[in-house]
Amino acid sequence: YLIRYRNYNASLAEAQARLEQTMVGKNKNAAKDFFVKPADQANDVQAIMATETKSWAKSVRQMQAITNESKTFFMSVVQPNQYYGNRKFTAQQKTIALADGPFRDAVIAGYPHLAKKVPDLKARGVNIFAPTEIFDNVEENMYSDSCCHYTPAGYKILANFIVDRMFEDIARAKKDGKLNVPACLK
């Protein structure tokens with residue numbers, strides 16, 4: 001089974017008891033308590049990624065709503081990853097960035113779901129960016145491992161992208177009166 005408990009305020013003992021009841025079919029509130037996929041569906045990576053992406057998108061919308069209410073700044077950035085995009089790697093870069101590891105399959109399965117959600121999130125007013133193509137035309141090596149970490153040059157490119165967007169968005173939000181600006185920053 002793939003299981004995620006929905007009540008994050010419960011004690012571990014309570015969660016364990018509810019899960020035991022669910023597993024033996026005695027929990028009438030199982031659908032409310034747990035996200036449960038039967039064993040035959042637990043290996044359906046696309047279904048799992050679609051479900052997890054919906055959860056992620058809901059979380060991002062909630063974070064945006066909280067920051068809108070308090071007039072504070074929020075930005076979500078979908079991190080570029082070597083397994084998603086059109087980047088061409090040299091043979092030497094492949095030995096570092098595309099070496100066998102546990103992350104490849106999850107990224108290949110999951111990132112298309114994330115990418116599809118970004119336009120919808122933007123349409124709903126979420127301040128989100130997906131610069132997944134930011135390294136596609138850079139010849140220098142951007143990745144320091146086969147997971148998701150960058151070289152100093154990669155971090156610099158991504159940081160500059162994020163800071164540029166932040167300053168643009170903060171200036172717009174200040175102009176529109178949608179951001180509380182501390183006196184020291186005025």
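Both backbone and side-chain heavy atoms feed into the values below; hydrogens, waters and symmetry mates do not. Predicted, not measured: the structure shown is a model, and the values here were computed from it.
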query: Around atom CG of Asn137, are there more than 12 heavy atoms of other residues, nucleotides or ligands at under 6.0 Å?
result: no

message: Below 30° counts as parallel, above 60° as perpendicular, anything between as tilted: where do the rings of Tyr111 and Tyr84 land?
response: tilted

query: For the atom pair CZ (Arg124) and NZ (Lys117), what is the distance rounded to the nearest 0.5 Å?
result: 7.5 Å

Heavy-atom donor-acceptor pair, Ser70 side chain to Ile66 backbone, under 3.5 Å: yes

- request: Could you tell me whether a side-chain N or O of Gln64 sits under 3.5 Å from a main-chain N or O of Asn127, the two making a donor and an acceptor?
  value: yes

query: For Arg165, does the CZ atom sit with more than 12 other heavy atoms under 6.0 Å from it, leaving out its own atoms?
result: yes

- prompt: Can you name the closest pair of heavy atoms from Asp136 and Asn86 and give their distance?
  reply: OD2-N, 3.3 Å

Heavy-atom donor-acceptor pair, Asn160 side chain to Tyr155 backbone, under 3.5 Å: no

- request: Would you confirm whether Gln93, through its side chain, and Glu139, through its main-chain N or O, come within 3.5 Å as a donor-acceptor pair?
  value: yes

message: Quick check on Glu168: does its CD atom have over 12 non-hydrogen neighbours (other residues, nucleotides or ligands) under 6.0 Å away?
response: yes

query: What orientation do Tyr143 and Phe89 show, parallel under 30°, tilted 30 to 60°, or perpendicular over 60°?
result: tilted

message: If I take atom CZ from residue Arg104 and atom OG from residue Ser146, how far apart are they, to the nearest 0.5 angstrom?
response: 11.0 Å

- prompt: Within a reach of under 6.0 Å around NZ of Lys122, are more than 12 heavy atoms found that belong to other residues, nucleotides or ligands?
  reply: yes

Step-by-step side-chain contact (heavy atoms from CB on, under 4.5 Å) determination, Met49 to Trp56: CA-CA 10 Å; Met49 291 300 176; Trp56 163 78; over 6 Å; no

- request: Starting at OH of Tyr83, measure out to SG of Cys147 and round the result to the nearest 0.5 Å.
  value: 8.0 Å

task: Look only at the side chain of Glu140 and the backbone of Ala153, and say whether a donor-acceptor pair between them is shorter than 3.5 Å.
output: no

Closest non-hydrogen atom pair, Thr67 against Phe73: CG2-O, 4.2 Å

- request: Scan side-chain atoms only and decide if Gln46 and His113 contain a donor-acceptor pair under the 3.5 Å cut-off.
  value: yes

